Amino acid sequence: MADSEARQFTIIIFGASGDLTQRKLAPALFHLHAIGALPERCRFIAFARSEMNDESYRRLLFEVSTDDYSSDAQSWLDFAKQVRYFRGSSNDVTSLKRLDDFIRADSNGETKDDRLYYLALSPTLYEGTINALGDAGMLDESGGVRRLVVEKPFGTNLKSARLLNEAIHARANEHQLFRIDHYLGKDTVQNLIVFRFGNTIFEPLWNRNYIDHVQISVLEDLEVGDRAAYYEHSGVLRDMFQSHLLQLLALAAMEPPATNHADSLRDEKAKVLSAIRKPSPERAATNSVRGQYRGYRQLDGVSQASSTATYAALRLFIDNWRWQGVPFYLRSGKALRQKYTEVAIQFREPPHRIFDDEDASGLVPNMLRIVIQPNESIRLTIDNKKPGARLRAEAQELEYKFPMGMRDAYERLLLDAIAGDASLFTRSDEIELSWGVVDPYIEAWETELAAQLYPYERGTWGPNAADQFIAPNRYWSNP
């Protein structure tokens with residue numbers, strides 16, 4: 001039998017009884033199975049401490065996400081046959097050795113078994129689980145590939161992220177590790193690369209000579225809810241800025257990579273992150289706004305005197321040739337008016353306007369909006385003549401809407417991890433550089449230099465201070 005015919009691919013999800021697996025990972029794997037995108041010999045082992053067996057776990061998956069599976073009954077039955085349940089503790093070497101024996105005994109005589117370990121666990125369990133996998137010999141690639149997928153957050157600051165990287169690298173090589181940020185799996189995020197480097201009309205303008213500022217917004221309408229105990233120790237900077245927003249910034253600001261391969265892309269992102277200006281505590285305080293929605297302090301697990309920010313706006317500068325002097329405004333928050341994610345490029349005004357003030361009253365600077373969610377689209381604001389006898393101008397918008405039914409981000413990222421393509425995953429140096437950007441703001445907010453914590457009402461765009469922060473001649477790009 002040829003070696004290519006003698007390989008079994010096993011996806012082992014640790015923490016398989018949790019919400020992430022039931023609502024995201026399992027449906028994503030099912031959809032990939034239904035369209036024939038998974039390797040031919042592919043199975044899914046759910047690993048958790050709950051008292052279940054194969055049948056009860058399959059039933060749990062179906063009950064939680066029935067709509068995902070019921071549309072194609074035969075595909076569900078075929079997929080369910082590949083789902084096995086194994087009870088154990090992820091940081092217990094004995095449990096993992098039993099799992100290893102189980103996988104080998106169930107390999108039907110294949111000479112190679114490739115594996116993807118997905119850590120759908122609390123971040124506090126990452127190091128212990130990876131150490132246990134190493135002690136059990138389950139990261140050794142002599143018998144097939146061994147890949148590790150870890151969710152965010154990766155560390156809580158630069159020091160902890162660096163220690164975690166060192167601990168993992170003592171057990172696994174960097175090429176085995178896939179740090180997942182589901183935002184990078186969205187088609188609209190990936191399109192930033194195509195849009196920038198596939199269209200010659202924009203790239204020559206993508207610099208300090210033509211761009212006034214850049215806005216990156218990741219806004220959420222949901223409140224903190226049952227995540228309050230976690231959020232109280234995390235806050236918006238650790239939860240959103242270190243990962244999602246800085247990754248979007250890196251894609252929007254990076255230089256053209258030599259190729260579309262993983263190392264080229266991640267090299268350019270790392271260069272951007274390393275060039276972001278590191279402020280003093282005083283400057284960090286003046287270049288940020290923090291807010292907290294009314295009602296947050298009444299949640300279980302939250303102190304009545306909590307100073308945890310549920311909203312933040314930062315002003316960052318990239319000290320390189322392309323972006324010198326161009327402010328990047330980043331904002332994110334909970335309990336806002338609308339769920340909305342966007343990268344907005346505000347171009348400079350014309351150097352001289354030939355129109356009378358009255359005729360030019362409708363003119364606005366050109367703005368390019370890349371809307372990542374919802375209603376995924378690309379919108380370009382331009383100035384045109386207003387119909388009529390007089391030469392009056394008005395702003396109009398050109399729009400391209402992405403087609404409906406785009407693939408879920410987890411589907412794309414799981415496929416890439418299975419294939420070993422790390423282009424959309426975060427490398428160790430990117431993680432550390434991102435924490436190096438965010439840490440000064442976290443530290444400034446924990447001292448007497450902290451900017452005032454502004455309350456804001458639920459269902460608004462955040463505190464009024466954020467509008468003053470970007471004023472007087474700039475405005476937030478709200479839907």
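All values reported here derive from a predicted model rather than from experimental measurement.
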Side chains of [X] and [Y]: donor-acceptor distance under 3.5 Å anywhere?
{"X": "Gln298", "Y": "Tyr296", "answer": "no"}
{"X": "Glu232", "Y": "Ser306", "answer": "yes"}
{"X": "Arg297", "Y": "Gln292", "answer": "yes"}
{"X": "Ser288", "Y": "Trp445", "answer": "yes"}
{"X": "His31", "Y": "Glu411", "answer": "yes"}
{"X": "Ser160", "Y": "Asn157", "answer": "yes"}
{"X": "Asn375", "Y": "Ser377", "answer": "no"}
{"X": "Glu430", "Y": "Gln247", "answer": "yes"}
{"X": "Ser89", "Y": "Asp92", "answer": "no"}
{"X": "Arg179", "Y": "Asn165", "answer": "yes"}
{"X": "Tyr183", "Y": "Gln373", "answer": "yes"}

Would you call [X]-[Y] a salt bridge at under 4.0 Å N-O?
{"X": "Lys334", "Y": "Asp221", "result": "no"}
{"X": "Glu255", "Y": "Lys271", "result": "no"}
{"X": "Asp408", "Y": "Lys186", "result": "no"}
{"X": "Asp19", "Y": "Lys24", "result": "no"}
{"X": "Glu376", "Y": "Lys401", "result": "no"}
{"X": "Asp181", "Y": "Lys152", "result": "no"}

If we ignore hydrogens and angles and just use 3.5 Å, is the side chain of [X] paired with the main-chain N or O of [Y] as donor and acceptor?
{"X": "Ser65", "Y": "Phe62", "result": "no"}
{"X": "Arg348", "Y": "Asn366", "result": "no"}
{"X": "Tyr57", "Y": "Ala16", "result": "yes"}
{"X": "Ser50", "Y": "Ser17", "result": "no"}
{"X": "Arg58", "Y": "Val83", "result": "yes"}
{"X": "Arg379", "Y": "Tyr400", "result": "no"}

Around atom [atom1] of [X], are there more than 12 heavy atoms of other residues, nucleotides or ligands at under 6.0 Å?
{"X": "Asn464", "atom1": "CG", "answer": "no"}
{"X": "Arg49", "atom1": "CZ", "answer": "no"}
{"X": "Lys278", "atom1": "NZ", "answer": "yes"}
{"X": "Arg283", "atom1": "CZ", "answer": "no"}

Using salt bridge (Lys or Arg N to Asp or Glu O under 4.0 Å) as the criterion, list what pairs up with Arg115, not counting sequence neighbours.
Asp100, Asp113

Decide if the gap between the ring center of [X] and the ring center of [Y] is smaller than 6.0 angstrom.
{"X": "Tyr210", "Y": "Phe347", "answer": "no"}
{"X": "Phe317", "Y": "Phe328", "answer": "no"}
{"X": "Tyr454", "Y": "Tyr456", "answer": "no"}
{"X": "Tyr118", "Y": "Phe14", "answer": "no"}

pair [X]-[Y]: side-chain heavy atoms closer than 4.5 Å:
{"X": "Pro327", "Y": "Arg474", "answer": "yes"}
{"X": "Leu299", "Y": "Val224", "answer": "yes"}
{"X": "Tyr85", "Y": "Ile45", "answer": "no"}

Take Asp239 and Arg227 through the test salt bridge (Lys or Arg N to Asp or Glu O under 4.0 Å) and record every step on the way to the result.
CA-CA 11 Å; Asp239 190 46; Arg227 295 179 68 223; 3.2 Å; yes

Applying salt bridge (Lys or Arg N to Asp or Glu O under 4.0 Å) to Arg146 and Glu141, what does each step give before you reach the verdict?
CA-CA 6 Å; Arg146 301 288 186 267; Glu141 295 195 290; over 6 Å; no

For a salt bridge (Lys or Arg N to Asp or Glu O under 4.0 Å) check, start with the C-alpha distance between Arg427 and Asp267, then their side-chain angles and the critical distance, and finish with the verdict.
CA-CA 9 Å; Arg427 202 168 58 189; Asp267 285 346; 2.9 Å; yes

Show your reasoning for whether salt bridge (Lys or Arg N to Asp or Glu O under 4.0 Å) applies to Arg369 and Glu397.
CA-CA 10 Å; Arg369 295 177 175 88; Glu397 192 170 70; 3.5 Å; yes

In Ile276, Ile211, Leu316, the residue satisfying side-chain contact (heavy atoms from CB on, under 4.5 Å) with Trp323 is Ile211

Tell me which pairs pass ring pair (Phe, Tyr, Trp, His ring centres under 6.0 Å) where either residue lies in residues 155-182, with sequence neighbours left out.
Phe178-Phe425, His182-His244, His182-Tyr410

